[in-house]
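Everything on this sheet refers to the single structure shown next.
A, B, ... follow the sequence lines: proteins, then strands. Residue 1 opens every chain.
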Protein chains: 2
Amino acid sequence: MRDLDITEVARRSGVPASTLRFYEGKGLLASTGRRGLRRLFAPDVLERLALISLGRAAGFSLDDIAHMFAPDGRLRIDRPLLVAKAEELDRTIRELGIMRDGLRHAAVCPAPSHLECPTFRRILRAAASAPTTGARRKRTPRR
Amino acid sequence: MRDLDITEVARRSGVPASTLRFYEGKGLLASTGRRGLRRLFAPDVLERLALISLGRAAGFSLDDIAHMFAPDGRLRIDRPLLVAKAEELDRTIRELGIMRDGLRHAAVCPAPSHLECPTFRRILRAAASAPTTGARRKRTPRR
DNA sequence: GCTTGACCTCAAGTCGACTTGAAGTGGCAC
DNA sequence: GTGCCACTTCAAGTCGACTTGAGGTCAAGC
């Protein structure tokens, strides 16, 4: 398959051209050349974008992700790092589970004030003792 | 119990004084007066801070949370909103579970390149089709 | 050959939740 | 009465991941 121009990559991957340029600047992506001014990318850039998306979904920063690619472009997997991140995710999942249950409870709880409900108070204590800042929600960039 | 000065509230709640001032500016908190320049807060501000922390942990923005307090300071629960947030959390939890399993797998997978591992490729596709941006991790404010 | 329009660069802006810094003030100990 | 110091205000800075805007360029179609 021939190289793809940036618009084509954007179309196929769903990643905006501005983001592709940004990623290239960050070293996450490499263009293979130009047609005129226009960047060209090797077809495997699509796989690379999927990897980046995967890393983001797992909670890695772009800088983290950049380090996971060897200079030759192959994956350089740091197993302990992955395990650590998995454990972090696990903790987050448990916390979010508590929050979800708490919300569902609050939505149906008949106590006159939530502050009088034992279940709610328990959740409140859990939140108060939670790290520093709660879990971040996904940005929904609202195109 | 007497009113607490801002330093005392910070000490008891673990929330920095700068944040307390910031929250007051946002309307999330109300001070009851001053001793000299120094803000005083009613003791129940601690419960309020726990509620704010709970809301943050559940993924609400500060503005969302501000709307959950009636002008008189009591909780004003919007049940459909809570249910919607619970469902959103549920989706996030499921996605994070997939990511966690993927990470654990990647950490032990013996395939020469992860790209050749069927499990990894399946996860990759899942990530590629995920919304727009993956789940946000919690900020660890790093003193 | 000239227009057109989509790309280009680079700097600056955005968003949310705070933090930081400079300059000011007031209660309390001496 | 006076010095200290922790508080005060307000504006600006930070962080991460992008987006947006102004001004420039080039391949292609007419």
> Between atom NZ in A:Lys26 and atom P in D:dC18, what is the gap in whole Å?
Replying inline: 9 Å
>> Which heavy atom of B:Ser13 sits nearest to which heavy atom of B:Leu46, and what is that distance?
In response: CB-CD2, 3.9 Å
>> Base, sugar-phosphate or nothing for B:Ser18? Non-hydrogen atoms, less than 4.0 Å.
In response: base
> Which of the following nucleotides, C:dC8, C:dC18, D:dC7, is nearest to the side chain of B:Phe22?
Replying inline: C:dC18
> For the pair made of CG in B:Leu20 and P in D:dT8, what is the distance, rounded to whole Å?
Replying inline: 10 Å
>> By the 4.0 Å heavy-atom rule, please label B:Arg21 as base, sugar-phosphate, or nothing.
In response: base
> Taking atom P of D:dA17 as reference, at what distance in whole Å does atom CD1 of A:Ile52 sit?
Replying inline: 12 Å
> Rounded to whole angstroms, how far apart are CG on B:Asp64 and C1' on C:dG16?
Replying inline: 12 Å
> Considering only C:dC18, C:dC8, C:dA17, which nucleotide approaches the side chain of B:Thr19 most closely?
Replying inline: C:dC18
> Quick one: is C:dC8 close enough that its OP1 or OP2 comes under 4.0 Å of any side-chain N or O from A:Arg39?
Replying inline: yes
> Looking at B:Ala106 and A:Arg79, what are the two nearest heavy atoms and their distance?
Replying inline: O-NH1, 3.2 Å
> For the side chain of A:Arg34 and the backbone of A:Leu37, is there at least one donor-acceptor N/O pair under 3.5 Å apart?
Replying inline: yes
>> Let me spell it out: for each of B:Ala17 and A:Leu62, pick the nucleotide of DNA chain D with the closest heavy atom. Which residue's pick is nearer the 5' end?
In response: B:Ala17
> Are A:Lys85 and A:Glu88 ion-paired here, with the side-chain N under 4.0 Å from a carboxylate O?
Replying inline: yes
> To the nearest angstrom, how far is B:Leu37 atom CG from D:dC4 atom C1'?
Replying inline: 15 Å
>> So if I take every side-chain heavy atom of A:Arg56 and compare against D:dA6, D:dA17, D:dT25, which nucleotide ends up nearest?
In response: D:dA17
> Looking only at side-chain N and O atoms, does A:Arg34 come under 4.0 Å of OP1 or OP2 in C:dT9?
Replying inline: yes
>> By nearest heavy atom, map B:Arg38 and B:Asp63 onto DNA chain C; which one lands nearer the 5' end?
In response: B:Asp63
>> In whole Å, I'd like the distance from the CD atom of B:Glu24 to the C1' atom of D:dC10.
In response: 14 Å
> Picking from D:dT25, D:dT8, C:dC18, which would you name as closest to the side chain of B:Tyr23?
Replying inline: C:dC18
> Choosing from D:dT8, D:dA6, C:dA6, which nucleotide comes nearest the side chain of B:Thr7?
Replying inline: D:dA6
> Roughly how many Å is it from CG in B:Leu28 to C1' in C:dC18, rounded to a whole number?
Replying inline: 13 Å
> Does the cation-pi check pass for B:Arg48 over B:Phe69, that is, NZ or CZ under 6.0 Å from the six-membered ring centre and within 45° of its axis?
Replying inline: yes
>> Between P on C:dT25 and CD1 on B:Ile6, what's the gap in Å once rounded to a whole number?
In response: 19 Å
